[in-house]
Protein chains: 2
Amino acid sequence: MDKGEGHRRAVIEGVRPEIDGGRFPIKRVVGEKVTVEADIFADGHDALSALLRYRRENASHWTEVPMEFLVNDRWRASFIVTELGRYRYTLTAWVDHFKSWRRDLAKKVQASQQASADLLVGAGLITDAASRAFAPDAQTLKEWADVLQSKKVPEEEKIQLALSDELLELMDRYPDRQFATDYPMELEVVVDREKAGFSAWYEMFPRSCVAEEGRHATFKDCQARLPYIAGMGFDVLYFPPIHPIGHTNRKGKNNALKAGPRDPGTPWAIGSEEGGHKAINPQLGTLDDFRELLRKAKEHNIEIALDIAFQCSPDHPYVKEHPEWFRHRPDGSIQYAENPPKKYEDIYPLNFDSERWPELWDELKSVFLFWLEQGVRIFRVDNPHTKPFAFWEWVITELRDEYPDVIFLSEAFTRPKVMYRLAKLGFTQSYTYFAWRNTKWEFTQYFTELTRTEVREFFRPSLWTNTPDILTEYLQVGGRPAFMARLVLAATLGANYGIYGPAFELMENRPRQPGSEEYLNSEKYEIKHWDIDRPDSLRHFISRVNKIRRENPALQRNDNLCFHNVDNDELICYSKHTDDLNNIILVVVNLHHTYTHSGWVELPLGDLGLSAQEPYQVHDLLSDARYVWHGPRNYVELNPHSSPAHIFRIHRRLRTERDFDYYM
Amino acid sequence: MDKGEGHRRAVIEGVRPEIDGGRFPIKRVVGEKVTVEADIFADGHDALSALLRYRRENASHWTEVPMEFLVNDRWRASFIVTELGRYRYTLTAWVDHFKSWRRDLAKKVQASQQASADLLVGAGLITDAASRAFAPDAQTLKEWADVLQSKKVPEEEKIQLALSDELLELMDRYPDRQFATDYPMELEVVVDREKAGFSAWYEMFPRSCVAEEGRHATFKDCQARLPYIAGMGFDVLYFPPIHPIGHTNRKGKNNALKAGPRDPGTPWAIGSEEGGHKAINPQLGTLDDFRELLRKAKEHNIEIALDIAFQCSPDHPYVKEHPEWFRHRPDGSIQYAENPPKKYEDIYPLNFDSERWPELWDELKSVFLFWLEQGVRIFRVDNPHTKPFAFWEWVITELRDEYPDVIFLSEAFTRPKVMYRLAKLGFTQSYTYFAWRNTKWEFTQYFTELTRTEVREFFRPSLWTNTPDILTEYLQVGGRPAFMARLVLAATLGANYGIYGPAFELMENRPRQPGSEEYLNSEKYEIKHWDIDRPDSLRHFISRVNKIRRENPALQRNDNLCFHNVDNDELICYSKHTDDLNNIILVVVNLHHTYTHSGWVELPLGDLGLSAQEPYQVHDLLSDARYVWHGPRNYVELNPHSSPAHIFRIHRRLRTERDFDYYM
């Protein structure tokens, strides 16, 4: 072993955030803060200085922020990311002889000990700094060094100068970093636009957006539906695949093995003689119609998200043009999708083990590029966990380099480590297990993992109340209160959430069969004609909840989620607040869809800036009711049939007689 | 971004143990197991295979162990380290097409689906394996592939072969590892001898080991003391520095600023005209006497540990020969040690910031080498945290390369992260905060951190009841019960522990002044003449405790420590057991030195192999009393004045009438 750089005495370790030893970037949106902590120490008792250094990925210059000592050798500093793209950060630290000297001198002065030799030592350190400094600082430092060495200046005056803030400040500007320890890694931050961190999604089958029975809707019909969607407060409109649908082995209603002649097929059986992943199903309209829809949506502050499902119907052009991208059976036929004993004869999976995988990857990248060129910036990716991890890391990095505002939502309902890996590789948002979490204990466990551990640095949860594949038992049996409760939970537990409508707002809850999470007469296999004007629709409730989200910045992030105790397991309570405590939202949900439940909510008053002595007001933004609360424990009661939830805004201060002039 | 090796689909992450991303080795002793876990997964639903690979550091060949799937994508495998020195381990994993095929075939067969195409696919996989296999396996595989393709063999028979264990076993021998993912790091294990993991230390000032007043004892006197030390069951005898002691600014009794003419000085003020760190204080004897002592000690199964304190008295030869290794003040004098406002004028610290640090490092290394050449293999290093981390990593690695049986104990009573860093850098054992832990909560917290977290992989705690610098308040006030309780705690909570005697066994408890942890008339500054034959000595109790440690392998490690609930905060209860449960030790200590305390101990019967239905016996190895216990909750009561602790051995089974022949 060689001696290395044995005079570099500072150690930097335990850096957070740092994902898998720096292998993966953390995520932020523009304007957010990156707070970095590390254990920084050296041998002995010398004082240390440390800097957090950061830069945009391709900038040549590092910006440096002094780190602050916390406790137990832990140091911290922060910076704000202001631009889309990638940032890097790293750390440097060194033994600071001037600071050690200053600290020890102060102690000796305190103990009335001799300090003349120390003043000379200090003069030496200041002279050294002068040689590193620019004029006029260099001149000032030289003069001060002279003062400390002068026989004419009284010692008291020298000590005053030696311990002055002015000297410290100037010395801090020219530290001796010759033997500084640089953290050996540059860690990365991917910076997304704001919608990556805060969005409300509405999933809709474009072919079903007319009320007249029997007609296949078009993009023009979708235009007419935009005010309805915008009125509910959604800002992302997500379409299942809009491409031509295969004929071979097409599935009929309720996933029947044989389709009838008028059955439209599932949009996920992508490709026919009319084209594949870059084509539009002619029944929906033309590419121009689609671009027109994008423009109109924008006028309503809605972005269209497309579904990218990398799989083919047997009629997809790839099958003829690139048979080498599919798996072949010994008889020469192409292997359809299967998960024994289940078979999906209308779908051919792509074979990423193909020897021609590099060309396949390029083609799939070009699919994204095609839609990016049309103006699409949000993609919901279907089953990414059945394609290689390396593909996603490559394609997302490539696309983001060109389009740093692109957003990818990972639809991977699979094992937790696989979901997390996909997020680490680059997916901007990720579906979660939210739909299957029902009890207070489950919510608390899961959302603590998502928001209070390292996971929050790379995994942005997207909470869905339902999807075309997921009609949970809770919604099947719970009726209107269940739909309302799940909406509030999704919209307030998660800064990103979504519903599949109009099934959701119309409270569609019939399963194909008992025990199934599939919808009866699922829209996946047939065109539906929803009556969106039904008087019992939840659209106004949804509209209210989305308005609350927009008006309350506390609900626009996840890292501030905090659960609170209620002495009733059917009531869940949590809060979110802004750093400045100007916006505090407290949510209480009755998880039971039938019975009224009540209990005592316990709040950590200090954390919320509340005083135990003074009353405060909680304002239910759903019902507009206001209550005066006092102290840490307060009573709540929720009848699910009137409203299964409170979304309180907490007002910290009530007016009292002291607010009036005459009180003085 | 380039596409990399996009067909390598397996991912390996979350590898444990892995210290700081592989920067530091883990520690084991010869014969111990290294159990490695990792998250291993791939996209999609394919089956995986994974191997743990290990080798001695310089071996060219890896040994491979198949990893076992646990749950939630977690895999595990183990190996035993059998030789001193360094090992490396790493992992490899791949998508196993044969295993996927076999699994899916089984499902299809189960569902009575067509399998003939699948059998042909399988034949292809087997043929490929045959091309990788050696004769006669290659021949067998070829024949089996033929069977699966044969039109003459009935399908049933083919399926039987396809799903047979014989085929699986043979295929497992020749997997297709072409696209295997190798974990990018080779992780290290440092393997020490057994004493690194299990040792009982006795610290003694050699100059004080005669009872006659006024005489400076010698190494020959130490020889005479060996049977006493061995009789108590200690296997390491540690001496404070044995080198010549400086005259300049020598400290007198009780750390007086001026020494009297007969004051011997503190052994840590190293060096005089009679020599430095490679010399022996002539009052103790010669180098030959020392070697003779080493030999005699060995006959008693005792190893001598030396104290390495890298600091100099003003009279040390280095001061004249290498003034450049010290810090100079502006007036040209050498800077003595200080921690303002405290001054240590009898000590000159070495200046590791010296420009001549490489030569300094070489010289310090040569100090270790000198004593290694005399036969010393254990060093207690004084204040390692005041010397650069890089020095320790370098010197320990260099010395271990030549002497893999050397043991270094780090005497760093400092901040936790600094202590852990020193352990990571190579120290074999480390002093702990044990002496200052008093309450059940403190013990549980601290020893859970040391034995149940990653810390246990690199930090081997050494628990000291007392040292010449540390006479805790508990010992000052608690009398005999306190000494007994602390001995039991140290000896059973830690596989490595030590006492400073004869102060400990003679229950010396007078502090220099109230509030101080220094001994009154401390042996650091004067020669003591202990009456080791005093009838109240704890020597026989210590002897019993050390015997229990030697006879019970459960007490010879730390990673098996488990705390149990007792409904009394003054009673602490914990167990240690061997993996095979043949040796189970249960310790209960009354932490209060005055009052009798009682309570109900709760044991996790299942973990200890005990049945809730059958009684079991607990045998107190201290008092030899036996009790029959039943179920998870049992009563204990400890009067500190008779015995403040139980060290139970649990006997899982009692004889019953069923053990007699006539019962049948």
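Just so it is clear, the model here is predicted, and its values are computed rather than measured. All chains are named by letter (A, B, ...) in the order of the sequence lines, taking the proteins before the strands, and each is independently numbered beginning at 1. Values below: every heavy atom of this structure, side chains too, minus hydrogens, waters and symmetry copies.
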Against chain A, residues from residues 389-399 of chain B with at least one heavy atom under 4.5 Å, in numeric order, are F389(B), A390(B), E393(B), W394(B), T397(B), E398(B)
(Q) Are D118(A) and R329(B) packed together at the side-chain level, in the sense that at least one heavy-atom pair is separated by less than 4.5 angstrom? (A) no
Turns out that what part of R103(A) lies under 4.5 Å from chain B's heavy atoms comes down to neither
All heavy atoms of W357(B) vs all of E5(A), minimum pair found to be CH2-C, 4.5 Å
Most heavy-atom pairs under 4.5 Å with chain B, out of V121(A), N72(A), D46(A), belong to N72(A)
Residue from D104(A), D401(A), L120(A) scoring the most non-hydrogen pairs under 4.5 Å with chain B is D104(A)
Interatomic distance, OH@Y420(A) vs CG@D73(B), rounded to 0.5 Å, equals 12.5 Å
Highest number of heavy-atom pairs under 4.5 Å with chain A among V418(B), D331(B), V95(B) belongs to V418(B)
From the list R74(A), H97(A), R421(A), H45(A), the residue making the most non-hydrogen contacts under 4.5 Å with chain B is R421(A)
Smallest heavy-atom separation, P340(B) atom then K107(A) atom, equals O-CD, 3.1 Å
Does the side chain of H385(B) come within less than 4.5 Å of D43(A)'s, by heavy atoms?
no
When the 4.5 angstrom heavy-atom criterion is applied to K387(B) and chain A, the contacting part is backbone
Under 4.5 Å to a heavy atom of chain B? For K424(A) that would be side chain
Whatever's closer than 4.5 Å to a heavy atom in chain B on D2(A) counts as backbone
Taking a cut-off of under 4.5 angstrom between non-hydrogen atoms, the residues of residues 11-25 of chain A near chain B are V11(A), E13(A), D20(A)
- With the side chain counted from C-beta on, respond yes when H7(A) and F352(B) share a heavy-atom pair under 4.5 Å apart, and no when they do not. no
Assert top hit (heavy-atom pairs under 4.5 Å, partner chain B, pool G44(A), P388(A), A111(A)) equals P388(A)
One option among K343(A), R9(A), E338(A) has the most heavy-atom pairs under 4.5 Å with chain B, and it is R9(A)
For R415(A) and A42(B) the tightest heavy-atom approach is NH2-O, 4.5 Å
field: K417(A) side-chain N/O to D39(B) backbone N/O, donor-acceptor pair under 3.5 Å
entry: no
